[in-house]
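Written below as structure tokens is the structure these notes are about.
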Number of protein chains: 2
Amino acid sequence: MSHTLGVRQAQKQKTRRALLDAGLRLLEDQSLSSLGLREVTRVVGVAPAAFYRHFRDMSDLGVALVEESLGSLHGVVRVILAERDGDEQLIDATVEAVAELVRGYPAHIRFIARERHGGVRPVREAIAAELSRFADEVAEAFAPQLTAEGWSLEDVRMLAELYVDHMVMTATAFLEAQPGDQPGEPSEAQPGEGAGDPEAVRRVAATARRQLLLISLGRRHWRTG
Amino acid sequence: MSHTLGVRQAQKQKTRRALLDAGLRLLEDQSLSSLGLREVTRVVGVAPAAFYRHFRDMSDLGVALVEESLGSLHGVVRVILAERDGDEQLIDATVEAVAELVRGYPAHIRFIARERHGGVRPVREAIAAELSRFADEVAEAFAPQLTAEGWSLEDVRMLAELYVDHMVMTATAFLEAQPGDQPGEPSEAQPGEGAGDPEAVRRVAATARRQLLLISLGRRHWRTG
DNA sequence: AAAGTCGGCGAACGGTTGTTTACTGAATGA
DNA sequence: TCATTCAGTAAACAACCGTTCGCCGACTTT
């Protein structure tokens with residue numbers, strides 16, 4: 001599809017990407033409401049006025065980052081929920097998926113966690129909308145089985161929100177367990193990669209698994225035990 | 001105790017309070033890392049330099065706000081957990097306590113939610129420490145009964161963290177259901193008080209109750225069902 | 001009553017911010 | 001080939017920022 005997009009548009013999207021990347025990098029140490037326009041353009045190596053060719057605002061860039069961070073998540077649910085051979089394996093797969101997400105895109109996850117209740121309204125609303133759509137998909141995936149067991153749609157939605165919130169919670173816990181460039185600590189004992197204390201990561205994963213296990217235990221006995 | 005504190009110190013603490021109040025008010029629409037020193041002093045009506053008589057930094061003021069917001073919470077747990085006549089009433093009491101907290105001190109709660117993962121490290125760490133202490137108390141309150149049922153201390157702590165995180169989650173959900181001065185919407189149909197859509201508030205409470213019910217259902221069947 | 005403490009003031013500093021303006025020059029399309 | 005589009009530039013703008021300095025004057029201690 002699409003006939004290779006022309007040299008003009010290609011260059012434009014290239015600097016747009018650079019702006020997004022620079023913004024995301026700077027947002028690891030500060031929040032969006034304090035991130036300056038000039039700060040971003042300075043990192044990219046472009047004139048401040050060039051910013052306006054791509055974004056109206058800083059919050060505009062923020063919304064774009066939200067879509068980039070959470071947009072690719074929508075397929076993931078069905079993939080994980082498809083390979084379920086029992087509760088425990090589904091839980092393991094879920095926690096592992098969250099861990100991999102945090103390991104692969106720490107800056108994106110940190111951005112979402114930080115701006116979910118941050119000071120920029122449009123960004124907050126974009127995140128809320130995206131997470132709500134995410135909960136919709138989780139609910140949709142659980143609906144067939146649970147309604148067959150006599151669950152109301154309201155209760156299914158309630159459970160889906162609990163799952164989504166717990167996933168976000170787990171993701172931020174993973175983030176705190178593997179700090180990116182935490183100043184104060186000069187370096188790692190293991191100079192391999194930037195993954196923080198591996199034992200702390202395992203502890204977070206173990207806690208998350210047990211919590212999900214407890215929740216699914218409650219789910220099995222809902223209005224039947 | 002303490003001999004009435006002298007006129008000098010009294011005046012000092014008065015402007016200190018004013019600075020904290022002004023900061024908290026301004027932080028309803030922005031995050032700490034973008035809050036300016038001059039901005040705060042301007043609201044209070046003092047010279048910018050006066051700020052340094054009370055706080056070293058903006059993050060210093062932030063840490064003070066954390067203690068003020070979460071410090072008074074430590075007694076609350078035992079009070080609620082004391083009046084328990086069965087699971088459901090304990091859940092109702094908990095949700096009602098959170099709702100009242102949000103209704104009574106919305107700015108404090110918003111501040112905590114916003115800065116928990118915000119851009120200012122010392123504040124993040126202060127919040128994390130306070131919430132951890134809170135989880136300790138919850139765990140301590142649940143320990144006698146649960147250990148008698150064969151729970152490990154690790155599992156008790158896991159459950160306590162789940163409860164605390166769910167309470168924070170519920171508090172922010174309440175906040176979103178009753179927006180303070182949400183611009184865009186000119187005013188309330190009911191000009192009585194600033195509480196937003198009452199039905200949305202009830203819906204949040206109902207969801208939180210059912211989620212807690214499901215969790216306590218899982219707790220009852222932990223390693224026994 | 002004298003000496004000392006200290007919260008707040010006012011001014012100045014160097015630096016940064018967002019935004020607008022007129023412009024250049026390469027890619028584009030007729 | 002020639003006119004047009006438009007991403008990026010350079011400069012200027014007023015406004016604001018955090019921080020430092022010396023000073024005043026009301027409170028406090030001796």
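By convention in this document, chain letters (A, B, ...) are assigned in the order of the sequence lines, proteins followed by strands, and residues within each chain are numbered from 1.
- His117(A) and Glu115(B) form no side-chain donor-acceptor contact under 3.5 Å, judged by distance and modelled atom types alone.
- Checking dT19(D), dA27(C), dT19(C) against the side-chain heavy atoms of Leu37(A) singles out dT19(C) as nearest.
- Proximity of Leu175(A) to Pro106(A): side-chain heavy atoms (C-beta onward) are separated by under 4.5 Å at one or more points.
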*What would the secondary structure line of DNA chain D be in dot-bracket form, counting Watson-Crick and G-U wobble pairs under 3.5 Å, with [ ] for pairs that cross earlier ones and | for pairs with another strand?*
||||||||||||.||||.||||||||||||
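- In the model, Ser34(B) has no side-chain atom that pairs as donor or acceptor with a side-chain atom of Ser34(A) under 3.5 Å.
- For Leu35(A) and dT17(C), the CG to P distance is 10 Å, given to the nearest whole Å.
- Arg116(A) and Asp165(A) are joined by a salt bridge, as a carboxylate oxygen and a charged side-chain nitrogen come within less than 4.0 angstrom of each other.
- Two residues are said to be in side-chain contact when any heavy atoms from C-beta on lie closer than 4.5 Å; Arg124(A) and Val120(A) fail this criterion.
- Candidate nucleotides dC17(D), dA27(C), dG10(C) were compared by shortest atom distance to the side chain of Val7(A), and dA27(C) ranks first.
- Phosphate proximity of dA7(D) to Thr15(A): absent, as no side-chain N or O sits under 4.0 Å from OP1 or OP2.
- The distance between atom CZ of Phe55(A) and atom P of dT19(C), rounded to the nearest whole Å, is 15 Å.
- Straight-line distance from the CZ atom of Phe51(B) to the P atom of dC9(C): 14 Å, rounded to whole Å.
- Distances were taken from every side-chain heavy atom of Ala47(B) (C-beta onward) to each of dT9(D), dG10(C), dC27(D); the shortest belongs to dG10(C).
- Taking atom CD on Gln9(A) and atom P on dT28(C), their separation rounds to 9 Å, with Å as the unit.
- When side chains are defined from C-beta on, Leu27(B) does not count as touching Arg114(B), because their heavy atoms never get closer than 4.5 Å.
- Note on Arg42(A): a side-chain N or O is less than 4.0 Å away from OP1 or OP2 of dT17(C).
- Closest-nucleotide positions on DNA chain C for Met58(A) and Lys12(B) were compared, and the one nearer the 5' end corresponds to Lys12(B).
- For His54(A), taking side-chain heavy atoms from C-beta onward, the closest of the listed nucleotides dT19(C), dT20(D), dG8(D) is dG8(D).
- The phosphate of dT5(C) has neither OP1 nor OP2 within less than 4.0 Å of any side-chain N or O from Arg53(B).
- Residue side chain Arg8(B) does not reach the base of dG7(C) through any donor-acceptor N/O pair under 3.5 Å, judged by distance alone.
- In this structure, Gln13(B) atom CD and dG8(C) atom P are separated by 11 Å, rounded to whole Å.
- Residues Val40(B) and Met58(B) meet the side-chain proximity criterion, which asks for heavy atoms closer than 4.5 Å.
- Phosphate contact (OP1/OP2 of dT19(C), side-chain N/O of Tyr52(A), threshold under 4.0 Å): present.
- One atom, CD of Gln11(B), and another, P of dT28(D), lie 10 Å apart when rounded to the nearest Å.
- In this structure, the side chains of His166(A) and Leu162(B) come closer than 4.5 Å at one or more pairs of heavy atoms.
- Nearest nucleotide to the side chain of Val46(B), out of dC9(C), dG18(C), dA7(D): dC9(C).
- Per the geometry, CZ belonging to Arg38(A) stands 13 Å off P belonging to dT9(D), to the nearest Å.
- In this structure, CZ of Arg56(A) is placed 12 Å from P of dT20(C), rounded to the nearest angstrom.
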